[in-house]
Number of protein chains: 2
Amino acid sequence: MPRGSGKVNLVDVARQAGVSLATASRVLNGSTRSVGADLRERVRQAAANLDYSPSAPAQAMARGGTDVVGLVVPDISDPYFSTIAASVVRHAEPHGLIITLASTERRFEREAEYVASLRSQQARGVVLVGSRTTNDEQLEALRAELDAYTAAGGRAAAIGQHILPADTVIVENRSGARALAEELVNLGYRRFAVLAGPADLLTARDRLAGFREGLRQHGIEVADRDVINGEFTRDGGYEAASELLERDRAPECVFAVNDVMAVGALSAFRDRGVRLPDELAVAGFDDIASLRDVWPSLTTVRIPLERLGEEALGFLLDEPAERSRTRRFSGEVVVRASTPPVS
Amino acid sequence: MPRGSGKVNLVDVARQAGVSLATASRVLNGSTRSVGADLRERVRQAAANLDYSPSAPAQAMARGGTDVVGLVVPDISDPYFSTIAASVVRHAEPHGLIITLASTERRFEREAEYVASLRSQQARGVVLVGSRTTNDEQLEALRAELDAYTAAGGRAAAIGQHILPADTVIVENRSGARALAEELVNLGYRRFAVLAGPADLLTARDRLAGFREGLRQHGIEVADRDVINGEFTRDGGYEAASELLERDRAPECVFAVNDVMAVGALSAFRDRGVRLPDELAVAGFDDIASLRDVWPSLTTVRIPLERLGEEALGFLLDEPAERSRTRRFSGEVVVRASTPPVS
DNA sequence: AGCGTGCTGGAAAGAGCTTTCCAGCGGGTA
DNA sequence: TACCCGCTGGAAAGCTCTTTCCAGCACGCT
């Protein structure tokens, strides 16, 4: 058992190996400069003996940077974000990147704080996940912080919206929702309602707009009063769905702009005694894996969540580009039991 | 716009404020020593002007430590772990702790690597989540690494098992499963099967053992051939359930040792045309929030996932204790639609 | 034999902050 | 008036690495 507990540093290693500090350092970080095989071995031995663990902060200082990448998500317990997080973490590891996690609990003003913290930590990059409020002072604060961060040499990537000074991975919400709408019309539905998420989230807005576009192709409109806003969460879906049922005329099909809301809506309908899926069809968006077992299984738009993190990291690792780059992913409509063909 | 982009350090701030480095430092970290109000203000101004961002690595060196806490989970995309992660992150923030995330993808040998990395980073503590394999060399490697880490001043906490040299938060799996078994018997069930998770995970074993204990109270046994092992995942549940259906004699009630497997099993049964819940009852364990909307809604054992992270962080922040401490949480049986009373 | 070339090892200069130690100054007490 | 104390500000050490620059050495060439 090595008893060098606690305070072993490179100096100790060098001394034990009988070489200079510089040589020890060169051996241990496999630098470009070559070191004789004998010394090399002596240093390796000494390091192992002493159970040497290099000080990451010291390395960060000397090297002028770290291998930390900050990941900021609105809510890590939401399966949509945790899937993306998993993807980021998985692809970070082979590059030796360390992921630092921040979950803002959907309080977007904290994003700027986290970016500031990342700058202070000399983090290599940041991945910002999630749609956010449209133009306002919060957004401005975040932009300013992001600019300061990149000016200081940090790299930034965003997943989910293209309003930030950063390389961006986006999902084609609009066309996905449009395709879904058309599919639903093909299945025979004519009267729709939409559980639309927060009015100020771009993602929610795009999906609603796309859905309406798709319907319009077939001469169908969704009246504003059949569009109900709610939180982008399971409970938000439940509440919006409950509200919908209070209305006089019921739709044939409800489109919830994400799966999490859709699943909440399912429960709301069931709790109110609606027979699913025959009496009322439901569709979602995202195709969240852990939600695939609900019944009736959700018709939805699959987006390649696992790829999102990978691409974002790719941006961070690439050479910085002149202007922000964009990578788009399109969705794919998946029809399941929640929207049976209208007989 | 401050043009001190990139390389502003304390020296710059001190110079602009016309004070010494020491004074600037004292002002900026609100140290114990007092500084005259005028100078204090001048330094604050200068820092703001220059958009000064202290170098975290430098601070870590000078202070001999960081406010980083490592969180290592088997799979961040699993709702069980992401819920715990959310809890850790939420409670970390008010203490100024930064969470570093590692998801091992259930490759437990990587836990030791992460702890080593945390030691190198001079992280304040580590929270290890998840049950793990019983005694073997992997476990030994992790223990050794953990000892080295704590010897170097790091703090360690574990969630989910008590076989590590660390303060531990555990869930009383055994008594929870026992209570569930009794409840199911009270509902009228007599013939059971268990989808048991990996044979080497303590959590899975405890739940199985507790379940059997509960049944035994009522003179009911579960034959070994009615216990099917599988991965602790949705797909693991699906497969184990499928395998079960191949058997000759069907049970009346299936206990899946966690909700994620239970939900997979639900789909497997449905895909095979089993009418749920009347033809076959299903129970789970954990009461995962994002799975509450499946149909039939799962009878399960609720465990206070949100509290787990909080307690673990509490351990890290507390004074180090002589010997490892343990905090236990018990589960609560929740009966829902998936186990209707036997008529 | 003399000199250049190519290696290898070491000394030392940072990197940016915290904190101890010291000096100076003003006010209170004898 | 002389002395001491307390308070505030500054100089400098130290935290642990990386990396540049330099010196020494052996070899090969002329």
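Lettering of chains follows the sequences in order, A, B, ..., and the numbering in each one begins at 1.
Residues satisfying the side-chain hydrogen bond (donor to acceptor under 3.5 Å, both in side chains) criterion with A/Y114, sequence neighbours excluded, are A/R110. With sequence neighbours excluded, the residues that form a side-chain hydrogen bond (donor to acceptor under 3.5 Å, both in side chains) with B/S77 are B/D75. For the side chain to side chain contact (heavy atoms under 4.5 Å, CB included) test, residues two or more places apart in sequence or in another chain that qualify with B/P165 are B/R143, B/L146, B/D147. Every residue two or more places apart in sequence or in another chain that forms a salt bridge (charged side-chain N to carboxylate O under 4.0 Å, His left out) with A/E310 is listed here: A/R307.
In this structure, A/Q16 and A/N49 have side chains that are in contact, with non-hydrogen atoms separated by less than 4.5 Å.
Remark: A/Y52 is not in phosphate contact with D/dT16, judged by side-chain N or O atoms under 4.0 Å from OP1 or OP2. Applying the 4.0 Å criterion to OP1 and OP2 of C/dC17, one finds that B/N29 has every side-chain N and O outside that range. Distances shown here put a side-chain N or O of A/Q59 below 4.0 Å from the OP1 or OP2 atom of D/dT18. Not one side-chain nitrogen or oxygen of A/S55 sits closer than 4.0 Å to the OP1 or OP2 atom of D/dC17. A/N9 has no side-chain polar atom (N or O) that falls below the 4.0 Å cut-off from OP1 or OP2 of D/dC15.
For the pair B/M61 and B/V19, both in contact range of DNA chain D, the more 5′-proximal nearest nucleotide belongs to B/V19.
Heavy atoms of A/G36 sit under 4.0 angstrom from primed sugar atoms or phosphate atoms, though from no base atom. Among the protein residues, A/P54 comes within range of the sugar-phosphate backbone only, with heavy atoms under 4.0 Å from sugar or phosphate atoms but none that close to a base.
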Validation: residues 61-71 of chain A side-chain donor-acceptor distances under 3.5 Å, sequence neighbours left out:
from	atom 1	to	atom 2	distance (Å)
A/R63	NH2	A/Q59	OE1	3.4
A/T66	OG1	A/V68	N	3.3
A/T66	OG1	A/Q122	O	3.0
A/D67	OD1	A/R124	NH1	2.7

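Between the CG atom of B/L28 and the P atom of C/dT18 there is a distance of 8 Å, rounded to whole Å. Atom NZ in B/K7 sits about 14 Å away from atom C1' in C/dC17, given to the nearest Å. When the P atom of C/dG16 is taken as reference, atom CZ of B/R15 falls 12 Å away, rounded to whole Å. Atom P of nucleotide D/dG10 and atom CG of B/L10 are separated by 13 Å, given to the nearest angstrom. The interatomic distance linking A/D12 (CG) with D/dT16 (P) rounds to 9 Å, in whole Å.
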Requested in this report: List the steps and the verdict of salt bridge (Lys or Arg N to Asp or Glu O under 4.0 Å) for B/R155 and B/D167.
Outcome: CA-CA 9 Å; B/R155 304 292 310 278; B/D167 292 331; 3.6 Å; yes
Nucleotides 11-14 of chain C: which of its N/O atoms have a protein N/O under 3.5 Å away?
none

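Distances from the side chain of B/T23 to the nucleotides D/dG9, C/dG10, D/dT16 place D/dG9 closest.
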